Peer 1: 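Okay, here's the structure, questions in a sec.
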Amino acid sequence: MANHTVLIARDGTEIPIDDSGAPIRDEKGTIQGTVLVFRDVTARRRADETSRLLASIVESSDDAIFSKDLNAIVTSWNRGAERTFGWLAKEMIGQSISAIFPPDRKDELSGIMQRIASGERIEHYQTTRRTKDGELLNVSLTISPMQDPLGRITGASVISRNITAQVRAADRLAQLNADLQRSNQVLALTNQDLERFAFIASHDLQEPLRMITAYSQLLIQSYPGQFDSKASTFVGNIVDGTTRMRELLTDLLAYTEIRNREEEPVEVVDLNLVIENVRQNLTTSIDESGAVVTADRLPVLRAYRAHLESLFQNLIGNAIKYRSGQPPRIHVSAQEVNGELRFSVSDNGIGIDSEYHQQIFEVFRRLHGRKIPGTGVGLAICQRVVERYGGRIWVESQSGQGATFLFTLPNVTIRSAGEDQ
Ligand code: ADP
């Protein structure tokens, strides 16, 4: 019968069959009839289809998929293997797989073959292989033993994925990370040096400075009326200079000391009382300028009281110092904006041009000459305090239109504004 003959069962099912026939003869040898044997081959056909499907999957895979026998001779080689290693199937089949082993990896082969012979499966094994052109590839291998129908191991199938690009990217990333860590270390050391320098400068220079001040004053007192006007001016300038320098050093010391308190604060600070204290500390300038300082109901925080006092005192003090013609109107508020508590100190003073909004937070940065007293450290202290508690500080202002300093303190809030304590 023709190949692929199908018989139809009573219920209409089509059954693919294999057939064979044998003549039935009588004693004289004349053919009397035929014995026909039909075998249902549905299962075998299905198996054939499955293996065709698998073969086409293997063929179209991007991974190199191949097999080898126990002597490491290649028995199959898909298109992915041709693309990956540059060897064609017709070149590799029948050859030893050692062709794709780099010279320094030749020992690996016998080890792999031994593990395969003992029935072991090797998964995601990373190594290097070599293309026909001699290029080295990073590959991830999965090697599985293959068995014959009697369960004997006959060789191995190998799936080899080219991971050269990933390995290079990971190496590059590791390199960049290492570089970054090194620069961070250098930066941290430089920062420590700077910190230490500022501390020593502000702390240790105070003593000789005190001496200069004391002796200049002694000079004036010890020789009353003996200096001519030129000499008096000179000594007076020395005293002014040392006073100014002491102010600078004191502020610089206060600035460096904020960093020193790194442990978690246990103090609970009522900001309403902080504002009250600040008002008292600034009584003289409030009275002189006719300033009115108002505040919303403010929250209670866990933080160092000294930090918050210097923060508010610097901001309110500045609002008074940098006033316009009218008496200062200063308001302190706390509001929730986009889920975070935002504090602000606003004034009706001279304002700040937008080009200076960043610079004014730098140490010693001032926009005014000596006619308004100050060291240029106040806002740098404010920024340090705010950053110490995980927040940020900025200013919204235009020249001549007053200024509003805003800041957040995400790591300290324990009770919201307006709540009973
Ligand atoms: P200082 O007040 O000692 O000069 P700060 O660091 O406190 O130093 O302030 C830096 C500069 O920012 C000041 O010199 C001033 O020009 C400007 N500034 C600060 N606060 C205000 C304000 N409320 N209004 C206008 N300008 C201000």
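Bear in mind that the values here come from a model prediction, so they are computed numbers and not experimental data. Numbering of residues begins at 1 and proceeds along the displayed sequence. Side chains included, hydrogens not; waters and symmetry mates left out as well; all remaining heavy atoms used. We count ligands from 1, going down the list as the structure has it; atoms in each ligand are counted the same way.
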Peer 1: Between I372 and ligand 1, which residue portion shows a heavy-atom distance shorter than 4.0 Å: side chain, backbone, both, or neither?
Peer 2: neither
Peer 1: When you measure from atom 10 (C) of ligand 1 to each heavy atom in R365, R366, Q383, which option holds the nearest one?
Peer 2: R365
Peer 1: Pick, from L248, I360, N318, I316, the option with the minimum heavy-atom distance to atom 7 (O) of ligand 1.
Peer 2: N318
Peer 1: Is any N or O atom of G376, backbone or side chain, closer than 3.5 Å to an N or O atom of ligand 1?
Peer 2: yes
Peer 1: Between F405 and ligand 1, which residue portion shows a heavy-atom distance shorter than 4.0 Å: side chain, backbone, both, or neither?
Peer 2: side chain
Peer 1: Taking 4.0 angstrom as the limit and counting only heavy atoms of G374, give me the atoms of ligand 1 inside it, by number and element.
Peer 2: 3 (O)
Peer 1: When you measure from the side chain of T408 to the backbone N and O of P410, does any donor-acceptor pair fall under 3.5 Å?
Peer 2: no
Peer 1: Taking the side chain as every heavy atom from C-beta outward, state whether L406 and F343 have any pair of such atoms under 4.5 Å apart.
Peer 2: no
Peer 1: Salt bridge check: are R161 and D62 linked by an N-O gap of less than 4.0 Å?
Peer 2: no
Peer 1: Quick one: do E135 and R129 make a salt bridge, cutoff under 4.0 Å?
Peer 2: no
Peer 1: Could you tell me whether E340 and R392 make a salt bridge, using a distance below 4.0 angstrom between a side-chain N and a carboxylate O?
Peer 2: yes
Peer 1: Please could you name the atoms of ligand 1 that H368 approaches to less than 4.0 Å, counting only its heavy atoms?
Peer 2: 15 (C), 16 (O)
Peer 1: Can you sort out which atoms of ligand 1 are near G378, meaning under 4.0 Å from one of its heavy atoms?
Peer 2: 5 (P), 6 (O), 7 (O)
Peer 1: What is the distance from atom CG of N318 to atom CZ of F405, rounded to the nearest 0.5 Å?
Peer 2: 6.5 Å
Peer 1: What protein heavy atom lies closest to atom 2 (O) of ligand 1? Include the residue and the distance to one decimal.
Peer 2: Y322 OH, 2.7 Å
Peer 1: Side chains of H331 and D347: donor-acceptor distance under 3.5 Å anywhere?
Peer 2: no
Peer 1: Considering the heavy atoms of K321, write down every atom of ligand 1 situated less than 4.0 Å from one of them.
Peer 2: 1 (P), 2 (O), 3 (O)
Peer 1: Near L367, which atoms of ligand 1 are under 4.0 Å from a heavy atom of that residue?
Peer 2: 14 (O), 16 (O)
Peer 1: Output yes when E108 and R105 qualify as a salt bridge under the 4.0 Å nitrogen-oxygen rule, no when they do not.
Peer 2: yes
Peer 1: Output the list of atoms in ligand 1 that are nearer than 4.0 Å to some heavy atom of G351, sorted by atom number.
Peer 2: 25 (C)
Peer 1: Where's the contact between L379 and ligand 1, heavy-atom distance under 4.0 Å: side chain, backbone, both or neither?
Peer 2: both
Peer 1: What is the nearest protein non-hydrogen atom to atom 23 (N) of ligand 1, stated with its residue, atom name and distance?
Peer 2: D347 OD2, 2.9 Å
Peer 1: Flag the pair E207 and R210 as a salt bridge only when some basic side-chain nitrogen lies within less than 4.0 angstrom of an acidic carboxylate oxygen.
Peer 2: yes
Peer 1: Counting each atom of ligand 1 from 1 as listed, which ones have a heavy atom of T375 under 4.0 Å away?
Peer 2: 3 (O)
Peer 1: For atom 26 (N) of ligand 1, what's the nearest protein heavy-atom neighbour? Residue, atom name and distance, please.
Peer 2: I352 CG1, 3.2 Å
Peer 1: Tell me whether the rings of F199 and H203 are parallel (<30°), tilted (30 to 60°) or perpendicular (>60°).
Peer 2: parallel
